[in-house]
Amino acid sequence: MNSVDFLFEVVQEDRGLLYLHKRGKKKPMDGNRVVFPDGSDPSDYSGKIIECSFDAINETWVWMRTRVDKGTPNDYNTYRKVMRSITDNITEQVLLNEIAEIIELPMYAVRIQSADTQAHVRRR
């Protein structure tokens, strides 16, 4: 799951802000919005660490759960890696195709054939 743990705070004019850590300090993530479950009051989440997934179509973060087990948000570098993973959009099928190609390489094909032979011998 590509998710990020943010610190959420309601600031002036009932505006919600998301924060990460960068070099040990609170970094506001200006321009990022979070959507909470229908009917939820955002102020109920103020001051809490919230785990969010990214909705690329609406360009918003979507609340998944409150992280009562954490006292600090993710580091900014973690956020960058998650966003890169989301942007790359590598699917399970892409990974399986890559694995299939890799195991056909001579260095792996020999190892796989050897392992198959050893397994066949042990079964006898």
Is there side-chain contact between [X] and [Y], with at least one heavy-atom pair below 4.5 Å?
X: N74; Y: F6; value: no
X: N77; Y: Y79; value: no
X: V34; Y: C52; value: yes
X: L17; Y: R15; value: yes

### Query
Per the side-chain contact (heavy atoms from CB on, under 4.5 Å) rule, which among I49, I50, V4 passes with P73?
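When side-chain contact (heavy atoms from CB on, under 4.5 Å) is applied between P73 and each of I49, I50, V4, only I49 qualifies.
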### Query
With distance as the sole test, does S85 use its side chain to make a donor-acceptor pair with the main-chain N or O of K81 at under 3.5 Å?
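A pair under 3.5 Å: no.
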### Query
Is a side-chain N or O of K26 found less than 3.5 angstrom from the main chain of K22, in a donor-acceptor match?
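No.
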### Task
In sequence, state the C-alpha distance, the side-chain angles, and the governing distance for M29 and Y76, and then conclude on side chain to side chain contact (heavy atoms under 4.5 Å, CB included).
CA-CA 9 Å; M29 299 302 296; Y76 183 73; 3.8 Å; yes
### Task
Specify the closest pair of heavy atoms between E59 and F54, including all atoms of both residues, with the distance to one decimal.
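Looking at all heavy atoms of both residues, the closest pair is CA-CZ, 3.7 Å.
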### Task
I would like to know whether F36 and F8 meet side chain to side chain contact (heavy atoms under 4.5 Å, CB included); could you show each step before the answer?
CA-CA 11 Å; F36 292 100; F8 177 75; 3.7 Å; yes
### Message
Rounded at 0.5 Å granularity, tell me how far OG in S53 sits from CZ in R65.
### Response
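Answer for the OG-CZ pair, S53 versus R65, is 12.0 Å.
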### Message
Working to the nearest 0.5 angstrom, can you tell me the gap between H21 NE2 and L7 CG?
### Response
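Nearest 0.5 Å value for the NE2-CG distance: 7.5 Å.
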Would you tell me whether [X] and [Y] have side-chain atoms, one donor and one acceptor, within less than 3.5 Å of each other?
X: N58; Y: T60; answer: no
X: E101; Y: N97; answer: no
X: W61; Y: D55; answer: no
X: E9; Y: S46; answer: no

### Task
Only pairs at least two apart or in different chains count here, so list each salt bridge (charged side-chain N to carboxylate O under 4.0 Å, His left out) that has a residue in residues 69-78.
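As it turns out, the salt bridge (charged side-chain N to carboxylate O under 4.0 Å, His left out) pairs with a partner in residues 69-78, which skip direct neighbours, are D5-K70, R67-D69.
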### Task
Could you pull out all residues at least two apart from Y45 that satisfy side chain to side chain donor-acceptor pair (under 3.5 Å)?
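Partners of Y45 under the side chain to side chain donor-acceptor pair (under 3.5 Å) test: S40.
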### Query
Honestly curious: do V10 and V62 fall in one hydrophobic cluster under the side-chain, below-4.5 Å linking rule?
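No, no single cluster joins them.
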### Query
Same cluster for V82 and L18 if Ile/Leu/Val/Met/Phe/Trp/Tyr side chains link at under 4.5 Å?
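Linked within one cluster.
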### Message
If you count every heavy atom of other residues, nucleotides or ligands that lies below 6.0 Å from R80 atom CZ, does the total exceed 12?
### Response
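Counting neighbours around CZ of R80, 12 or fewer heavy atoms of other residues, nucleotides or ligands fall under 6.0 Å, so no.
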### Message
Under the rule for side-chain contact (heavy atoms from CB on, under 4.5 Å), what residues qualify as partners of V68, not counting sequence neighbours?
### Response
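Residues passing side-chain contact (heavy atoms from CB on, under 4.5 Å) with V68: T66.
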